[in-house]
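The next block holds one structure in the form of structure tokens; read it before the comments.
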Number of protein chains: 2
Amino acid sequence: MLSKKCKYAIHALVYLAEHYDQGPVQIEEIAKKQHIPHKFLEAILLELRHAEILESKKGKGGGYFLVKKPSEVNLMQVMRLIDGPIALLPCVSLNFYDRCEECKNEKTCGIRDSLTIVRDETLRVLEQSTLARILRREKQLAQK
Amino acid sequence: MLSKKCKYAIHALVYLAEHYDQGPVQIEEIAKKQHIPHKFLEAILLELRHAEILESKKGKGGGYFLVKKPSEVNLMQVMRLIDGPIALLPCVSLNFYDRCEECKNEKTCGIRDSLTIVRDETLRVLEQSTLARILRREKQLAQK
DNA sequence: TAAAAGCCTACTAAATCAATAGATTATAAA
DNA sequence: TTTATAATCTATTGATTTAGTAGGCTTTTA
């Protein structure tokens with residue numbers, strides 16, 4: 001399961017994608033609209049800024065805004081950044097690989113083989129899930 | 001990520017599938033062969049017994065054995081049992097559903113929509129990953 | 001009847017999660 | 001140039017989960 005932090009991050013990003021190219025949005029506004037604790041959100045947005053997904057402006061009229069286009073930010077990036085590995089075991093992870101102590105032979109491990117398929121399918125879907133796509137889908141669903 | 005407990009459970013089950021129809025296997029044997037702490041494994045196997053995947057025999061010559069066929073036990077069942085939800089958010093879970101406090105409208109949530117696809121793909125693969133299939137795959141990989 | 005082997009209850013140390021507090025720094029407008 | 005605004009940084013904290021451990025109890029079979 002995703003951590004609350006990661007869920008908050010996604011909601012905040014979708015909100016900022018809705019306000020793309022409309023100038024900075026204050027933490028407080030996002031916090032209120034998305035029901036996220038202000039101080040917690042502060043830390044999350046800072047992390048997204050360090051990852052160069054967001055940028056910020058201080059002082060009056062300041063706030064956060066997307067530096068990447070909504071079509072260039074996807075859930076795979078965000079989840080890896082906030083929660084770490086997407087694979088179900090470290091020995092199956094692409095970005096956070098760690099060898100499996102139990103396995104005698106990683107090459108012939110049947111569990112690993114199954115979980116590699118899960119990983120690849122998951123990555124494929126998450127990579128396609130851009131902020132732009134999420135917004136588009138929301139509008140589609142709202143019309144019905 | 002899966003918990004260690006869940007990883008241990010899967011390894012133990014694969015081991016028992018290898019010894020299917022060969023009488024009870026003692027906890028100690030599985031613990032040693034799979035490098036799992038004895039007492040921890042005890043608790044895990046008990047849980048699998050309560051879920052009617054395993055059965056046990058007490059006393060000398062006792063131990064654990066599969067009651068289901070290796071082709072009837074899959075990773076979806078085991079993961080749900082040990083780690084709970086497979087979906088990435090509670091509001092997307094089939095077996096552990098919990099409503100999302102942040103969303104105004106769950107029906108039109110674009111995040112939910114993406115994660116529902118991830119869930120379905122993951123379930124599809126995990127359900128196909130039976131103990132029988134894992135064993136078969138290990139033999140295949142070993143031959144190469 | 002004694003040894004073997006699983007069963008059950010309780011406890012604990014360490015890590016992670018979900019925040020909160022408070023002081024600091026940068027910016028813009030008055 | 002001051003003041004209000006808003007992000008930044010450091011640090012601490014309580015709750016929960018994870019990954020076990022300890023120890024006695026019960027059942028079975030040789």
Side-chain angles (χ1 to χ4, degrees), chain A residues 1-12 16 23-32 34-67 79 81-85 88-90 96 98 101-102, chain B residues 1-12 16 23-32 34-67 79 81-85 88-90 96 98 101-102:
Chain A
M1 297 276 262
L2 299 185
S3 66
K4 283 200 163 194
K5 190 177 175 185
C6 191
K7 190 168 78 161
Y8 291 158
I10 298 168
H11 278 287
L16 287 171
V25 181
Q26 291 155 35
I27 296 179
E28 188 53 24
E29 180 183 334
I30 308 173
K32 278 208 175 128
Q34 300 298 315
H35 307 104
I36 304 170
H38 182 109
K39 276 291 193 178
F40 197 15
L41 180 57
E42 209 175 284
I44 294 166
L45 296 178
L46 207 56
E47 228 171 304
L48 292 167
R49 188 181 68 98
H50 289 144
E52 292 172 349
I53 294 171
L54 298 182
E55 254 186 38
S56 64
K57 224 184 131 189
K58 284 185 175 184
K60 191 163 188 182
Y64 276 95
F65 52 95
L66 276 168
V67 260
M79 289 185 194
L81 181 70
I82 306 291
D83 277 354
L88 292 172
L89 286 181
F96 300 84
D98 194 14
E101 289 163 38
E102 284 75 33
Chain B
M1 296 276 263
L2 299 184
S3 65
K4 281 201 164 195
K5 189 176 176 185
C6 191
K7 190 167 80 160
Y8 290 159
I10 298 169
H11 278 288
L16 288 171
V25 180
Q26 291 156 34
I27 297 179
E28 187 52 24
E29 180 183 335
I30 307 173
K32 277 207 173 130
Q34 300 297 317
H35 307 103
I36 304 170
H38 182 108
K39 276 292 192 176
F40 198 14
L41 180 57
E42 208 176 284
I44 294 167
L45 296 178
L46 207 55
E47 229 171 302
L48 293 168
R49 188 180 70 98
H50 290 145
E52 292 172 350
I53 293 170
L54 298 182
E55 254 186 39
S56 64
K57 222 184 132 190
K58 283 186 176 184
K60 193 164 187 180
Y64 276 95
F65 52 95
L66 276 168
V67 260
M79 288 184 195
L81 180 71
I82 305 291
D83 278 353
L88 293 172
L89 286 181
F96 300 83
D98 194 14
E101 288 163 39
E102 283 77 31

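Below, read A as the first sequence line, B as the second, and so on, with proteins coming before strands; counting in each chain starts at 1.
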Pairing residues for A:L88 by the side-chain contact (heavy atoms from CB on, under 4.5 Å) criterion, not counting sequence neighbours
A:L115, A:V118, B:L2, B:M79

Whichever of B:G61 and A:K57 has its nearest DNA chain C nucleotide further upstream toward 5':
B:G61

Any non-hydrogen side-chain atom of A:L66 less than 4.5 Å from a side-chain atom of A:L54?
yes

From CE of A:M1 across to P of D:dT16 the rounded distance in Å is 16 Å

By side-chain contact (heavy atoms from CB on, under 4.5 Å), which residues pair with A:A12, not counting sequence neighbours?
A:I30, A:L41, A:L45

Please give, in whole Å, the distance from C:dA5 C1' to B:Y64 OH?
10 Å

Send over the distance from A:K32 NZ to D:dA6 P, rounded to a whole Å.
11 Å

Would you mind reading off the distance between A:L41 atom CG and D:dA7 atom P, rounded to a whole angstrom?
9 Å

Salt bridge (Lys or Arg N to Asp or Glu O under 4.0 Å): pairs with one or both residues in residues 39-49 of chain A, sequence neighbours excluded:
A:K5-A:E47, A:K39-A:E42

Over how many whole Å does the gap from A:I30 atom CD1 to D:dA6 atom P extend?
13 Å

All ring pair (Phe, Tyr, Trp, His ring centres under 6.0 Å) counterparts of B:Y64, not counting sequence neighbours:
none

Check ring pair (Phe, Tyr, Trp, His ring centres under 6.0 Å) between B:F96 and all other residues, then give those that pass, not counting sequence neighbours.
none

Nearest-angstrom distance from the residue atom CD of A:Q26 to C1' of C:dT27:
13 Å

Test side-chain hydrogen bond (donor to acceptor under 3.5 Å, both in side chains) applied to B:Q26 - qualifying residues, sequence neighbours left out:
none

Which residues share a side-chain hydrogen bond (donor to acceptor under 3.5 Å, both in side chains) with A:E55, sequence neighbours left out:
none

A:I10 side, atom CD1; A:Q34 side, atom CD - distance, nearest 0.5 Å:
11.5 Å

Return the value, rounded to whole Å, for the distance between atom NZ of B:K60 and atom P of C:dA5.
7 Å

Which of residues 44-53 of chain B have a heavy atom under 4.0 Å from DNA chain D?
none

Do nucleotides 10-24 of chain C as a string where each nucleotide becomes B, S or -: B if the base has a protein heavy atom under 4.0 Å, S if just the sugar-phosphate does, - if no protein is that close.
--------SBBBB--

